[in-house]
Amino acid sequence: MKEHLKKAVASSDAHYRDAMFHSARHQSIIYNKLDLHNVSNTLISGGRCSVVNGGGFGAVSFTAPEGVTEALRGAERAAAAMTAFTANARLAPAPVVVDDVRLTPEMDPRGVSFEEKCALIEDYTRLLLGIDGITTTTVGYHETFNDKWFVNSEGTVIAQEELVCRIGGRIIVQGNGTTEMLGFSYGYDSDFSKLLNRHAELEGRAKTALGLLHATPVRPGNHTVICDSELGGVFVHEAFGHLSESDDIVYNPSLHAAVSMGRQIGSPILNIIDRSDLAGAPGSYVYDDEGVRGTRTYLVKDGILSGRLMSRMTATLLDGAPTGNYRAMDYRFMPLVRMSNIYIDTGETPFEQMLAGVDRGLYLCGGKGGQTMGDIFTFGAQYGFEITNGRLGGMVKNINIAGNVFTTLGNIQQIGDTLHMSEWGGCGKSRAALYDMQMLDKSGLGSPHILIRNVIIGG
Amino acid sequence: MLESILNQAKQQADSVEILFTDKKNAPLNFYNWRGIDVIERHLRELSIRVIRNGRLGVAVGSLTARPGDLIDSALQAAAVGPRVLFDFPSTPSSGGGGIIHDPRLAAMTTDDIVADGRAIYDYVKKQGGRFGLNLYFDNECKEVSILNSNGKHESYRSTTFTASLLSMYERSKEGINKEITSCRYFTFPRQIIDELIAENDFSSRLCEVPARPMPVLFRASSTWALLYRVLEGVNGHNVNRGLTPLMDKLNTRIFGDNVTLIDDPTMDYAPGATPFDDEGVPTDRKFIVENGILRNFIFDLDAGAKAKRASTGNGLKRSMWMSGMDIMPGPRFNNLVMEPGDRNLADMVADMAEGLIVNDVIGFHSGNILQGHYSMNVGIGFYVRGGKIQGRAADTMIAGNIYQDFHRIEARSNRLERNNLAYSPDLLISDISVIGTA
């Protein structure tokens, strides 16, 4: 395939051209209670060619393996058509790379039989259904293997494997006149052994789900809040992280001004990092989809906006350097600038000390969806607890958090001393409008506990 | 080619189904007067479902030179797959479905669409619009074929044209979105561009909204968030699992008598008006809710068989934001239409003593969806007093429950617009809990 792509790329004299081919195998096994509800195997393969020529940028994706040369011609035509509107497409320099990335997970899920995977799901499901009050469960196993080839006209030739497996699901509980649901997820890495022996944690999760039946709706208003690492991760990803993606600001001067480098947005204890080389984290990889090696980028350092995520094209327009974050869901889509693993770096306050310092507030746990509009964000917490005089009290639910991201980041007063990366991830993003959404699996998030003053909570 | 894949699979399975799409499309983005890009696609994808010894196996993928890999994969999945009670349908689709193909779209080029985009920018500029504005176009031509071992072999061709204008507020990448999707080519109506410009002007003034119950005018662009609760409520799987509060409510009143919801796959030029669903079951027009009375749940083959009844032709490979081969079929509306009323929008606004207009919501997934509850941030909304728009609603949330609120729809506009779940009128609902900051 490599030679095929090289030949196609060599057949064009456009200023820049690349060609990629991608085979992906995705397996899903889903149980509803102990009934095997769905088994699916997806075997997709196809490619994408991109051309930058005369200031125009065009791309073509295709499924027929022999279609690469024809696709490259199509991309040339598309790039030419684009110049009728603007002709500002240029690529920042990137090192020429020749590499072959193979994975060697401790326990390779590709070597685990279908039956063993089913047995693991059944084992966890039995544990859940054995607990009083749990009426329904949906537990699934998901595995994705990507094999990618990338060649460009500058001499870069990369073969790269990516592998993710995870087990997760929903616990549905009924009682006290209501139905509640809580999710869980383990693994989200290439190592199958991370999915094993999670019984104690799952039991804890089930107890939390049952607790929701008797939890009271949260009091709306302004609260002092401690976020757990899951919620902190969702907050930093949804509310802040997307504003670091340069493709959303490159043509938007007013948003660009709001996130100008050097702006103080939080206290000096705040550091936010995007890092694609974090071993075992859901969003780790070696090269992005334009052949640039992923790296560690400080988005916020000591409370000051200090970096953003760049593709080769946005880097030319914003006078920066590519950061290796230009990634596509698969060959069908044009890459977008995406977070790899985003997290708030550790601070110095142990959780117990943080809690002891809150007279009246909320301890909120788990993220539940999220959406932003510019610097306004909203998302849910899965559950929480009242805090009174430094102690955890009754459980609360129906928690929605909304606010302005910069105000909220500015209100972070303490950061915990232990970073926890979530064992789930993924991110949806589209280009100019809410169309052609790309759900990217490999995007991780995390945070230590964080204490924030004046958080707006709606019920 | 497809026949030979079917025959090959038939030798090793009791029943086989092949769904195939040959699709060309070209999403084209214009970025704020300054940038543009396009990705043209030509994708040939198929899904193979096999039933062997009562168990289902599925494999989905690209049509490559070696379809045998997909057959093996489906058979492997069937060896341990879920037990199913259904077989693939043989019923021919009796010419149902609306007109969903426009030869003009099939002949359009990327250059034509670049010209359409430029024309919109030129018009906005002429009208004095100076705000951030992204445009999105997609022109899709698709041929869908379904074959199964019970003799079904049918195809349809469709075209879908989408155009969207997204204004961007200061310091934001979002703003007001106006979108149209149709199976027929259209020039973006100037009236809707004018509305975008006006709403963008109103937005320059931010209003603090009081926290108290008040009438809310849900624009057609936002009603999907409410109707999504109906979808979950009538979804056959949720009925079978006893999760929906509607399970015992068939032919009883669930909403006020001015609520009529029809699943209408016969509507011309409506995306979704196909003659058969993604499992080959013929579609038909049916009431979901008729004058407030619940008339039908929706079932795919699996949910139907579990309920000991037939599929309603609603097995679709579609989720909220995506559709595609790799999504498993589930009960979805083909083409939901909410019956319009007789009011015009301007009068509905003029009649509001105090209220909120909601164009778009964020956080639609919040609240207990199955129970009909919602608690959402108002993404784009306007505060109204004395029948006049005062400005954009700042930091406002709305909360309620459709099983109560749909008894209090006071007015419906006379115009249908398509959002991402339904063709809907604008809805004025009284006494919605509004949580503002004033």
Side-chain angles (χ1 to χ4, degrees), chain A residues 35-46 57-65 67 74 78 81-82 84-86 88 114-115 118 136 179 220 248 250-252 254-255 257-258 332-334 368-369 371 373-375 378-380 398 400 402 428 431-437 456 458-459, chain B residues 27 29-32 34-45 57-64 69-70 73 77 80-82 110-111 114 118 132 134-136 138 162 164 166 168-174 177 241 243 321-322 326 328 362-363 365-366 370 375 377 379 395 397 399 435:
Chain A
D35 293 333
L36 189 50
H37 172 66
N38 192 21
V39 177
S40 70
N41 291 305
T42 306
L43 301 163
I44 60 165
S45 57
F57 172 65
V60 168
S61 70
F62 56 96
T63 46
M82 298 300 100
F85 188 75
T86 51
N88 54 6
F114 199 86
E115 290 74 14
C118 290
T136 303
T179 303
D248 280 335
V250 68
Y251 296 122
N252 188 336
S254 123
L255 185 60
R332 293 173 293 184
F333 296 89
M334 198 114 79
K368 198 173 165 186
Q371 231 180 327
M373 286 195 92
D375 49 11
T378 177
F379 50 81
N398 301 349
N400 268 307
R431 295 182 85 81
L434 257 183
Y435 291 97
D436 231 27
M437 177 74 88
I456 304 159
Chain B
N29 291 287
F30 289 82
Y31 302 97
N32 198 21
R34 292 169 174 81
I36 184 169
D37 62 34
V38 68
I39 181 162
E40 298 178 0
R41 300 184 179 126
H42 185 193
L43 307 176
R44 288 186 292 171
E45 298 172 316
V58 186
V60 175
S62 317
L63 180 65
T64 63
D69 289 353
L70 272 179
S73 188
V80 288
T110 298
D111 299 270
V114 173
R118 180 172 285 287
N134 286 346
L135 311 180
Y136 171 91
D138 189 20
T162 301
S164 154
L166 179 71
M168 289 175 291
Y169 290 150
E170 289 294 301
R171 294 176 300 107
S172 177
K173 57 182 179 178
E174 291 95 358
N177 185 39
R241 288 180 205 141
L243 294 176
W321 307 110
M322 303 174 86
D326 41 2
M328 290 303 116
I362 49 180
H365 42 65
S366 307
L370 278 166
S375 171
N377 237 43
D395 295 337
M397 293 182 85
I435 304 122

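Here is how names work: the chains are called A, B, and so on, in the same order as the sequence lines, proteins then strands, and each is numbered from 1. In this text the structure is predicted, and so the values were computed from the model without any measurement. Computation of the quantities below employed the complete heavy-atom set of this structure, encompassing side-chain atoms and omitting hydrogens, waters and symmetry-equivalent molecules.
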Checklist entry - With a cut-off of under 6.0 Å to the ring centre and 45° to the axis, is Arg44(B) in cation-pi contact with Phe62(A)? => result no

Item to check | Closest-packed option against chain A by number of heavy-atom pairs under 4.5 Å, given Gly35(B), Gly81(B), Ala77(B), Pro27(B) | outcome: Gly35(B)

Item to check | Test item: Ser73(B) and Leu43(A) side chains (from C-beta on) under 4.5 Å apart, heavy atoms | outcome: yes

Next on the checklist: Is the shortest side-chain heavy-atom distance between Ser61(A) and Leu43(B) below 4.5 Å?
Outcome noted: yes

Item to check | Short side-chain to backbone donor-acceptor contact, Arg41(B) and Arg332(A), under 3.5 Å | outcome: yes

Checklist entry - Which heavy atom in Asn400(A) sits nearest to a heavy atom in Ser375(B), and how many Å separate them? => result ND2-OG, 3.3 Å

Item to check | Non-hydrogen atoms of Phe333(A) and Ile39(B) that approach each other most closely | outcome: C-CD1, 3.7 Å

Item to check | Region of Asp395(B) that comes under 4.5 Å of a non-hydrogen atom in chain A | outcome: side chain

Checklist entry - Side chain of Asp37(B), backbone of Phe57(A): donor and acceptor closer than 3.5 Å? => result no

Checklist outcome for this item: Answer key: most heavy-atom pairs under 4.5 Å with chain A among Asp326(B), Asp69(B), Thr110(B) is Asp326(B)

Checklist outcome for this item: Between Ile44(A) and Gly61(B), the two heavy atoms sitting closest are CG2-CA, 4.0 Å

Checklist outcome for this item: Bottom line for Val114(B): the part with an atom under 4.5 Å from chain A's heavy atoms is side chain

Checklist entry - Within the side chain of Asn252(A), is there an N or O that forms a donor-acceptor pair under 3.5 Å with the backbone of Ser172(B)? => result yes

Checklist entry - Between Ile362(B), Leu370(B), Asp138(B), which shows the greatest number of heavy-atom pairs under 4.5 Å with chain A? => result Ile362(B)

Item to check | Phe85(A) and Phe30(B) aromatic ring geometry - parallel, tilted or perpendicular at 30°/60° bounds | outcome: perpendicular

Next on the checklist: Distance check, rounded to the nearest 0.5 Å: Glu174(B) atom CD versus Leu255(A) atom CG?
Outcome noted: 8.5 Å

Item to check | Heavy-atom contact with chain B under 4.5 Å, split by part of Ala257(A) | outcome: neither

Checklist entry - Under a 4.5 Å heavy-atom cutoff, which of Asn41(A), Asn38(A), Asn88(A) has the most pairs with chain B? => result Asn41(A)

Checklist entry - Is a side-chain N or O of Ser62(B) found less than 3.5 angstrom from the main chain of Ser45(A), in a donor-acceptor match? => result yes

Next on the checklist: Report which part of Asp35(A) has an atom under 4.5 Å of a heavy atom belonging to chain B: side chain, backbone, both, or neither.
Outcome noted: neither

Next on the checklist: Which heavy atom of Thr86(A) sits nearest to which heavy atom of Ile36(B), and what is that distance?
Outcome noted: OG1-CG2, 3.5 Å

Next on the checklist: Given 3.5 Å as the limit, does a donor-acceptor pair link the side chain of Arg241(B) with the main chain of Thr136(A), or not?
Outcome noted: no

Checklist entry - Of the non-hydrogen atoms in Glu40(B) and Ala78(A), which two are nearest, and what is the gap between them? => result OE2-CB, 3.8 Å

